[in-house]
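The structure appears below as C-alpha cells.
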Amino acid sequence: MDYKYIQQLLERYWKCETSLEEENILRMFFSQKDVPAELLRYKDLFTYEQNEVKDDVLGEDFDEKILSMIEEPAPVKARVITMTQRLMPLFKAAAIVAIVLTLGNAAQVSFNSGKSTQVGNVSGYNYNKVQHGTSVAMGDSSIIDTLKQSSIQPDETPTLLK
C-alpha cells in the first residue's frame, strides 16, 4: 500500500503548514491498529491525547482544603502619626547643628582666652580693651559712643591690633 499522502502530510506537519483538518487526518491514521513500520515511530506523537487517561486530580473538596490551609490575613490597621513624630528628624538635625555651633564657639573662645586687643588710646586711658567673650562690633560701637558723649576726639579711628 502506498502512503505518499500521509508522508506529504507529515512533511507539511513538521513545517507547521498543516490545517486542523489535516492534523485530524494524521491522528485518525495513526490511531489505526495497522500502521506501517516506517511510520510507527510517529504513532505515539499523534495518539498520545487519545491514550492518555483523563484523571481528575482535583477532588470535590480541593477548594475547601486549600481555603482551610490559608488563613485570612488580619486587616491592616492604620497608624496615627502625630506632627511631633513627623518632625522628629528635623528636631534631631536642629539639635545636631546647635551642638556643633556651640562646640565651635567654645573652641574659638578657648583658643582666644589669653588674648586681649587694644584698639585705641585717648588721653592715656584705654577705651578699646576688648576682653574675651565680648563682641568686637559691640566694643567698637561702645567706644565711639563713649567718645561722642564725652566730646573727646579720638586720634584715629579704632582698629584692631594683633
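Rounded to the nearest 0.5 Å, atoms CD1 (Ile66) and CG (Asp63) are 8.0 Å apart. To the nearest 0.5 Å, the span separating CG on Leu87 from OG1 on Thr82 amounts to 8.5 Å. Gln7 CD to Glu11 CD: the interatomic distance, rounded to the nearest 0.5 Å, is 7.0 Å. Put simply, OG1 on Thr18 and CG on Leu10 are 9.5 Å apart, with the number rounded to the nearest 0.5 Å.
The number of heavy-atom neighbours closer than 6.0 Å to CD of Glu17, taken from other residues, nucleotides and ligands shown, is above 12. Other residues, nucleotides and ligands contribute more than 12 heavy atoms inside 6.0 Å of the CG atom of Leu90.
Contact detail for Arg41 and Glu38: the closest heavy-atom pair is NE-O, 3.8 Å. Between Lys43 and Gln32, the shortest heavy-atom contact is NZ-O, 3.3 Å. Counting all heavy atoms, side chain and backbone alike, Glu22 lies closest to Ser19 at OE1-N, 3.0 Å.
Looking at Met88 and Lys92, their side chains come closer than 4.5 Å, going by heavy atoms from C-beta outward. With a 4.5 Å cut-off on side-chain heavy atoms, Phe29 and Leu39 count as touching. At a threshold of 4.5 Å between non-hydrogen side-chain atoms, the residues Tyr13 and Phe46 count as touching.
Residues Val100 and Val109 do not share a hydrophobic cluster, defined by chaining ILVMFWY side chains whose heavy atoms lie under 4.5 Å apart. In the hydrophobic clustering of this structure, Ile70 groups with Phe62; members are Ile, Leu, Val, Met, Phe, Trp, Tyr whose side-chain heavy atoms approach within less than 4.5 Å, directly or through other members. No chain of hydrophobic side-chain contacts below 4.5 Å, direct or via other Ile, Leu, Val, Met, Phe, Trp or Tyr residues, connects Val35 to Tyr48. One hydrophobic cluster, built from ILVMFWY side chains closer than 4.5 Å, holds both Leu40 and Tyr3. A continuous path of hydrophobic side-chain contacts links Leu26 to Trp14 [ILVMFWY only; heavy atoms under 4.5 Å].
Salt bridge status for Arg27 with Glu23: present, with a side-chain N to carboxylate O gap under 4.0 Å.
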